[in-house]
There are 2 protein chains.
Amino acid sequence: METEPLLDPAIGHEQVESVLQAYFGQAKLRAAKVSPSYLSLWETLEASTAGGKRVRPGILMTAYQHLGGTSLEAAARAGAAFELLHTALIIHDDVIDLDFVRRGHDNVSGVYRARAEEAGQTPEAARHRGMSAGIIAGDLVLSGAFRMLDTVDTDPATRLRLAEILDEAVFASAAGELIDVDFSVSPGAPPVAEILDMERLKTAVYSFEAPLRAGAVLAGADDDVAAALGRFGRDTGIAYQLVDDLLGVFGQESATGKSNLSDLREGKRTVLISHAAQGPHWDELSHLIGCPELTPAEADRARELLVLSGARDFARTLADEHAARARTHLDCPAVPPALRQVLEHILDGAVNRGR
Amino acid sequence: METEPLLDPAIGHEQVESVLQAYFGQAKLRAAKVSPSYLSLWETLEASTAGGKRVRPGILMTAYQHLGGTSLEAAARAGAAFELLHTALIIHDDVIDLDFVRRGHDNVSGVYRARAEEAGQTPEAARHRGMSAGIIAGDLVLSGAFRMLDTVDTDPATRLRLAEILDEAVFASAAGELIDVDFSVSPGAPPVAEILDMERLKTAVYSFEAPLRAGAVLAGADDDVAAALGRFGRDTGIAYQLVDDLLGVFGQESATGKSNLSDLREGKRTVLISHAAQGPHWDELSHLIGCPELTPAEADRARELLVLSGARDFARTLADEHAARARTHLDCPAVPPALRQVLEHILDGAVNRGR
């Protein structure tokens with residue numbers, strides 16, 4: 001759920017923007033009838049999603065079009081459902097992580113915390129105010145995701161399958177979030193397999209696997225195509241997240257738009273850390289990571305230890321292996337060559353970021 | 001969202017239990033495939049809903065049957081959607097209110113906080129663990145509410161209207177929760193009209209108005225019947241909440257199952273407080289309420305002041321007025337007399353609790 005993959009300008013980006021604009025427009029009209037403060041919550045919600053790359057709608061629509069789907073409008077609506085789910089998940093994830101900033105801007109909780117502080121509330125009360133607004137806002141867009149599917153013009157059976165896929169994405173993300181929370185309070189580093197499982201559940205399913213399957217189902221593709229795209233999405237998502245974790249430590253902030261200190265300071269449990277925990281440098285490393293006051297010099301030392309212990313190479317290799325496995329899932333006659341080509345391009349973009 | 005109205009044994013209670021049992025049964029099967037900890041979250045969720053009076057399904061099914069609906073199964077599923085919404089809202093409401101106990105038992109957050117404490121975590125870490133689990137659990141059953149509607153055997157247009165009604169309930173509840181949070185951090189007491197508006201949005205819509213409308217729509221009743229029942233539900237819900245606030249201060253714990261100290265200790269903004277804030281006893285009263293250490297003797301004094309200032313009578317009269325207004329909405333030839341009778345009975349039960 002971190003930095004976004006570098007995609008080509010997504011197919012149907014304009015349609016998705018227009019669907020989301022209509023969704024928020026209608027919600028704001030309704031909210032304005034309730035109270036100015038409710039309108040403001042919806043405005044804050046809309047602003048928090050503005051400028052997003054709409055990656056999930058983009059890959060859904062890519063699959064849809066290449067599998068013969070002809071209603072860009074329907075695909076944009078299905079895609080928008082995943083964008084709203086994404087919005088809900090990151091808002092609640094930020095509440096759980098006590099994060100008030102995302103991509104350098106106040107998130108929904110951050111906006112409400114800042115307002116409460118300006119109104120003279122204590123830092124603790126303001127923080128709580130921010131988190132409360134975040135919980136409420138996330139609930140609204142989570143409901144919005146399911147409601148959005150009701151607006152997809154398709155037959156009832158297909159609509160039901162889309163709702164099942166969205167539901168499976170929620171189910172997986174919640175499981176991943178729960179495991180992630182468990183990690184954050186457990187001593188030591190969990191095994192690599194558990195980290196990969198968490199990242200699959202928390203991010204890969206809802207960001208890659210589910211949108212690709214939904215695009216295939218909406219296009220009326222055969223079950224085996226939808227399943228193949230789902231498997232491709234799953235492995236692509238894991239590879240993507242592995243690269244994300246690498247960039248979170250070794251990336252250049254100017255290129256990623258993300259601090260390369262915060263994962264180290266937070267002591268985020270990633271494959272890097274998990275691998276290093278088995279090596280000879282763990283004693284020194286474990287005293288550096290998780291320290292909120294970590295200096296840039298100490299961070300450099302932590303990076304050095306991650307390289308020396310082989311953790312960086314290990315994570316890089318694991319990402320490449322998942323990418324290679326993702327590719328094999330496309331090796332299926334029912335996947336049209338043009339779709340295969342564009343999906344491989346997406347995969348390359350996801351895995352080669354920052355290289 | 002507090003104590004439940006005293007209904008007759010709800011129509012179709014068994015069907016609702018069976019639908020919910022199947023829902024949680026299937027979720028637990030899926031969760032068990034992910035991890036034992038995820039299964040445990042679902043078990044905790046299910047336990048948190050066990051033994052509920054299923055008031056919302058009950059009134060939905062009452063309307064449905066009296067308006068000629070013949071599929072108890074479909075009505076039970078629509079009712080279960082509102083029960084799941086209720087579950088989600090109270091879990092997130094408790095997270096926002098930092099409540100770890102509901103009806104004398106640990107809620108979902110409370111269960112996870114206790115486990116974390118037993119595992120040796122600091123009280124603050126354990127509290128955060130509890131709240132995180134509550135956020136995740138609420139998201140799951142909120143999604144479950146929308147998914148449940150997909151299982152209602154009806155035509156697509158009716159299903160869509162049910163989803164709209166459920167969505168309107170989420171929309172109103174979120175607005176009410178936001179206003180309630182604003183109250184809790186504002187100095188002084190808000191005007192009576194604002195309190196009533198908050199209680200309508202936060203509780204009356206999703207607990208009474210929406211289930212009644214949904215029952216009517218599912219039964220294929222005319223729009224004016226659904227609208228009349230909705231108006232009845234709205235005023236009944238406000239009356240119910242006014243009585244709830246009275247019982248929260250003046251009720252006997254042995255009868256209500258709810259502490260009659262906690263609202264005073266919390267300084268909960270109710271019509272009682274709002275009215276008293278305009279009277280001559282406010283200076284003394286305002287120093288008592290909101291004090292977490294309030295003694296039973298001080299609470300008795302606070303009650304005395306609420307009586308002396310006329311706040312108790314004011315709230316009681318307001319509840320009776322809303323009940324009377326609710327009754328007028330049933331005065332419509334399209335509402336069958338038998339339904340009218342049972343709804344008036346529900347109204348009486350809601351308003352005369354604790355008298």
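Just so we're on the same page: letters track the sequence lines, and every chain starts at 1. Below, each value reflects all heavy atoms present in this structure, side chains not excepted, and no hydrogens, waters or symmetry copies.
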Chemist: Just say parallel, tilted or perpendicular for the rings of B:Trp42 and A:Phe171, cut-offs at 30° and 60°.
Modeler: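 Plane angle under 30°, so parallel.
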Chemist: Kindly give the heavy-atom pair with the smallest separation between A:Ser132 and B:Ile96, and that separation in Å.
Modeler: OG-CG2, 3.5 Å
Chemist: So for B:Ala31, is it side chain, backbone, both, or neither that comes closer than 4.5 Å to the heavy atoms of chain A?
Modeler: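 For B:Ala31, backbone and side chain are both near chain A.
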Chemist: For A:Ala125, is it the side chain, the backbone, both, or neither that has a heavy atom closer than 4.5 Å to a heavy atom of chain B?
Modeler: neither
Chemist: Quick check on the interface: out of A:Ile179, A:Leu178, A:Asp197, A:Leu201, who has the most heavy-atom pairs with chain B under 4.5 Å?
Modeler: A:Leu178
Chemist: Which of the residues A:Leu98, A:Val34, A:Asp139 is involved in the greatest number of heavy-atom pairs with chain B at under 4.5 angstrom?
Modeler: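 Of the candidates given, the most pairs with chain B belong to A:Asp139.
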Chemist: Decide yes or no for A:Asp94 and A:Ser109: does some side-chain heavy atom of the first lie under 4.5 Å from some side-chain heavy atom of the second?
Modeler: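 A:Asp94 vs A:Ser109: side chains apart.
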Chemist: In the structure I gave you, are the side-chain heavy atoms of A:Asp93 and A:Arg102 within less than 4.5 Å of one another anywhere?
Modeler: yes
Chemist: Should B:Ile91 and B:Leu45 count as side-chain neighbours, where that means a heavy-atom distance under 4.5 Å?
Modeler: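 In contact.
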Chemist: Checking heavy atoms, do the side chain of B:Leu142, its backbone, both or neither come under 4.5 Å from chain A?
Modeler: side chain
Chemist: Side chain, backbone, both or neither: which part of B:Ala175 has a heavy atom under 4.5 Å from chain A?
Modeler: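 Both parts, backbone and side chain.
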Chemist: Based on non-hydrogen pairs under 4.5 Å, which of B:Val181, B:Asp167, B:Val170 is most in contact with chain A?
Modeler: B:Asp167
Chemist: Please flag which part of A:Phe146 lies under 4.5 Å from any non-hydrogen atom of chain B: side chain, backbone, both or neither.
Modeler: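 Side chain of A:Phe146 only, per the 4.5 Å heavy-atom cut-off to chain B.
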Chemist: Can you see which heavy atom on B:Leu149 is nearest to which on B:Ala81, and at what distance?
Modeler: CD2-CB, 3.7 Å
Chemist: As an exercise: rank B:Glu164, B:Glu168, B:Met131 by heavy-atom pairs under 4.5 Å with chain A and give me the winner.
Modeler: B:Glu164
Chemist: With a 4.0 Å cut-off, would you call A:Arg200 and A:Asp235 a salt bridge?
Modeler: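 No, no charged N to carboxylate O under 4.0 Å.
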Chemist: In terms of heavy-atom pairs under 4.5 Å, which option from B:Leu41, B:Val95, B:Asp182 contacts chain A the most?
Modeler: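 Most pairs with chain A among the choices: B:Asp182.
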Chemist: Does a side-chain heavy-atom distance below 4.5 Å link A:Phe24 with A:Leu84?
Modeler: yes
Chemist: Can you tell me which portion of B:Leu166 sits under 4.5 Å from chain A's heavy atoms? Options are side chain, backbone, both or neither.
Modeler: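 No part of it gets close to chain A.
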Chemist: Between B:Arg159 and chain A, which part of the residue has a heavy atom less than 4.5 Å away: side chain, backbone, both or neither?
Modeler: side chain
